[in-house]
Amino acid sequence: QVQLAESGGGSVQPGGSLTLSCTASEDEFSFSAMGWYRQAPGKQRESVAIVITGGTTTYLDAVKGRFTISRENGKNTVYLQMNNLKPEDTAIYYCNLRGLGIVQYEYWGPGTQVTVSS
């Protein structure tokens, strides 16, 4: 079973920055996607940013231009650089790993809190 270790959450003022990281316990994957989802109180979980094998990325419209996702394939690690944070970014952020090859699977990290307030 794959485990995802997350770090980098915390509290910042509006306009501040945070970098989240997530590392998978396994060192080899099939064709896969790694990304970050978030869920705020009273709202549905939403996809924030995803990067697939090969480097293709997708972003939630609300974070485009502010967040950047990157993946270190050799280390099975994904980062989310979050700049110009806004109060509406406050949520629990979850790392996600999804298999896209012959064997399909999905794993989730435990979640890390991001709070943006003055």
Side-chain angles (χ1 to χ4, degrees):
Q1 294 183 335
V2 175
Q3 297 184 29
L4 303 178
E6 304 164 338
S7 64
S11 298
V12 297
Q13 295 181 339
S17 298
L18 286 172
T19 299
L20 306 182
S21 64
C22 173
T23 300
S25 60
E26 299 293 332
D27 60 0
E28 293 185 15
F29 300 118
S30 59
F31 185 53
S32 64
M34 295 188 73
W36 292 93
Y37 292 69
R38 69 185 183 187
Q39 187 165 25
K43 296 186 178 295
Q44 293 184 325
R45 182 181 62 188
E46 60 187 355
S47 172
V48 177
I50 297 171
V51 57
I52 67 172
T53 301
T56 301
T57 60
T58 183
Y59 293 91
L60 180 70
D61 285 345
V63 309
K64 288 181 178 178
R66 299 189 296 119
F67 292 10
T68 302
I69 190 168
S70 60
R71 183 175 182 177
E72 296 185 17
N73 293 326
K75 298 181 179 180
N76 297 321
T77 299
V78 65
Y79 302 93
L80 184 66
Q81 176 66 50
M82 304 184 293
N83 296 323
N84 191 24
L85 284 160
K86 302 176 179 180
E88 54 262 42
D89 295 318
T90 297
I92 300 176
Y93 285 69
Y94 298 91
C95 182
N96 173 268
L97 170 63
R98 183 187 306 111
L100 301 177
I102 297 175
V103 178
Q104 296 187 349
Y105 53 84
E106 188 169 46
Y107 300 96
W108 293 92
T112 183
Q113 178 71 47
V114 171
T115 302
V116 185
S117 66
S118 59

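Nothing fancy with the numbering, it's 1 onward along the sequence.
With T90 contributing its side chain and V116 its backbone, the two residues share a donor-acceptor pair below 3.5 Å. In this structure, the side chain of D89 does not engage the main chain of V114 through any donor-acceptor pair within 3.5 Å. Using a distance-only test at 3.5 Å, with no hydrogens or angles considered, no donor-acceptor pair links the side chain of Y94 to the main chain of Q39.
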Side chain to side chain donor-acceptor pair (under 3.5 Å), that's the test. Do T23 and T77 meet it? Break it down for me. CA-CA 4 Å; T23 300; T77 299; 3.0 Å; yes
Steps toward side chain to side chain contact (heavy atoms under 4.5 Å, CB included) verdict (W108, C95): CA-CA 6 Å; W108 293 92; C95 182; over 6 Å; no
Begin with the C-alpha distance, continue with both residues' side-chain angles, and end with the deciding distance and a verdict on side chain to side chain contact (heavy atoms under 4.5 Å, CB included) for T68 and Y79. CA-CA 8 Å; T68 302; Y79 302 93; over 6 Å; no
Before giving the answer on side chain to side chain contact (heavy atoms under 4.5 Å, CB included), spell out for R71 and T53 the whole-Å C-alpha distance, their side-chain angles and the decisive distance to 0.1 Å. CA-CA 9 Å; R71 183 175 182 177; T53 301; 3.7 Å; yes
Apply the test side chain to side chain donor-acceptor pair (under 3.5 Å) to residues Q81 and T19: give CA-CA distance (whole Å), side-chain angles for both, the deciding distance (0.1 Å), then the verdict. CA-CA 4 Å; Q81 176 66 50; T19 299; 2.4 Å; yes
Could you go through D61 and K64, starting from their C-alpha distance and side-chain angles, then the distance that decides it, and tell me whether this counts as salt bridge (charged side-chain N to carboxylate O under 4.0 Å, His left out)? CA-CA 5 Å; D61 285 345; K64 288 181 178 178; 3.0 Å; yes
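Note that OG of S7 is 8.0 Å distant from CG of L20, once rounded to the nearest 0.5 Å. Rounded to the nearest 0.5 angstrom, Q113 CD and E6 CD are separated by 11.5 Å. Atom OH of Y37 sits about 3.5 Å away from atom CD1 of I50, to the nearest 0.5 Å. Remark: I92 CD1 to R38 CZ distance equals 13.0 Å, nearest 0.5 Å. Remark: T112 OG1 to W36 CH2 distance equals 7.0 Å, nearest 0.5 Å. Put simply, CG on N84 and OG on S17 are 7.5 Å apart, with the number rounded to the nearest 0.5 Å.
Pairing each heavy atom of P14 with each of S118, the nearest pair is CD-N, 3.8 Å. Contact detail for A49 and I69: the closest heavy-atom pair is O-CD1, 3.4 Å. When all heavy atoms of L85 and L18 are compared, the closest pair comes out as CD1-N, 3.8 Å.
Surrounding CD of E106 are more than 12 heavy atoms belonging to other residues, nucleotides or ligands, all under 6.0 Å away.
Ring geometry for F67 against Y93 counts as tilted: the plane angle lies between 30° and 60°, on a 0 to 90° scale.
A heavy-atom distance below 4.5 Å is not found between the side chains of S117 and S11.
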